[in-house]
Amino acid sequence: MRAARLAMVMLALVATARAAEGQQQPKPRLEPARVAGEVVLGAYAGIGGFIIGRYVGEEIVQRLGSEHEPTIRQVGFATGTIGGGLATAGVVYGIGSLGDQSGDFDATALGAGVGFAASMALARVLLGPELNPPSGMRTRGRWATANLIALLPAVGASIGFNSTRRSP
């Protein structure tokens with residue numbers, strides 16, 4: 001929880017510093033369709049990146065000889081988180097940089113990280129410490145929860161990118 005708070009404070013400081021820098025150059029007008037694309041496509045790219053990263057991490061650990069299931073799961077979660085974060089930040093940055101705009105990838109990645117910390121906190125509140133849906137939760141509720149949790153890193157990445165957005 002402390003790490004999540006620290007990450008949020010860091011994002012706020014970076015965004016404030018970048019906003020002060022950005023005031024020297026006029027920012028292009030914010031386009032709602034572009035931001036929606038950043039968030040939606042970034043979220044689903046993050047899910048795909050997490051799945052691929054988790055698979056790769058678990059395979060590597062198993063091929064290195066580990067048979068300890070908790071270790072395999074922990075490594076898979078870590079590599080999945082890295083893969084999901086990079087995929088989210090990359091897609092948000094790519095969509096945001098289309099045309100005559102650009103932003104800072106570091107701020108985009110930091111925003112994805114802060115969004116991930118927020119999504120983990122929300123997941124623990126909604127799903128409990130084991131991150132398993134309650135036994136009575138309906139399928140619709142599970143999908144809504146999963147989508148909400150997946151959107152937060154993309155929202156953070158979009159905030160990070162758009163706080164540093166400029167015309168080249």
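Here the structure is a predicted model, which is why all the values come from computation and not from measurement. Any value given below was found using the heavy atoms of this structure, including those in side chains, with hydrogens, waters and symmetry copies removed. All residue numbers in this chain count up from 1 along the given sequence.
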Would a hydrophobic clustering, with Ile, Leu, Val, Met, Phe, Trp and Tyr connected at side-chain separations under 4.5 Å, put [X] with [Y]?
| X | Y | value |
| --- | --- | --- |
| L151 | W143 | no |
| I72 | V75 | yes |
| V40 | I47 | yes |
| I159 | V39 | yes |
| L98 | V92 | no |

**Q.** Side-chain touch F50/R54, heavy atoms, less than 4.5 angstrom
**A.**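 Yes; the side chains approach each other to less than 4.5 Å.
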Q. So how far is it from E69 CD to Q74 CD, rounded to the nearest 0.5 Å?
A. 10.5 Å
Q.
Within this structure, what is the OG1-CG distance for the pair T164 and L110, rounded to the nearest 0.5 Å?
A.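 Separation between the atoms: 10.5 Å.
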Q.
Please evaluate residues I149 and L127 with respect to the criterion side-chain contact (heavy atoms from CB on, under 4.5 Å), reporting the C-alpha separation (whole Å), side-chain torsions for both, the decisive distance (0.1 Å), and the verdict.
A. CA-CA 11 Å; I149 291 168; L127 302 175; 4.2 Å; yes
**Q.** Nearest atoms (heavy-atom pairs only) where D104 meets Y93
**A.** C-CE1, 4.1 Å
**Q.** Shortest non-hydrogen contact between A112 and T88, atoms and distance
**A.**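 In this case the closest contact between A112 and T88 is CB-CG2, 4.4 Å.
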Could you tell me whether a side-chain N or O of [X] sits under 3.5 Å from a main-chain N or O of [Y], the two making a donor and an acceptor?
| X | Y | answer |
| --- | --- | --- |
| R165 | Q101 | no |
| S163 | G160 | yes |
| T79 | G76 | yes |
| S119 | F116 | yes |

Q) Taking atom types as modelled and ignoring hydrogens, do the side chains of Y44 and N147 form a donor-acceptor contact shorter than 3.5 angstrom? A) yes
Q) Around atom CD of E67, are there more than 12 heavy atoms of other residues, nucleotides or ligands at under 6.0 Å? A) no
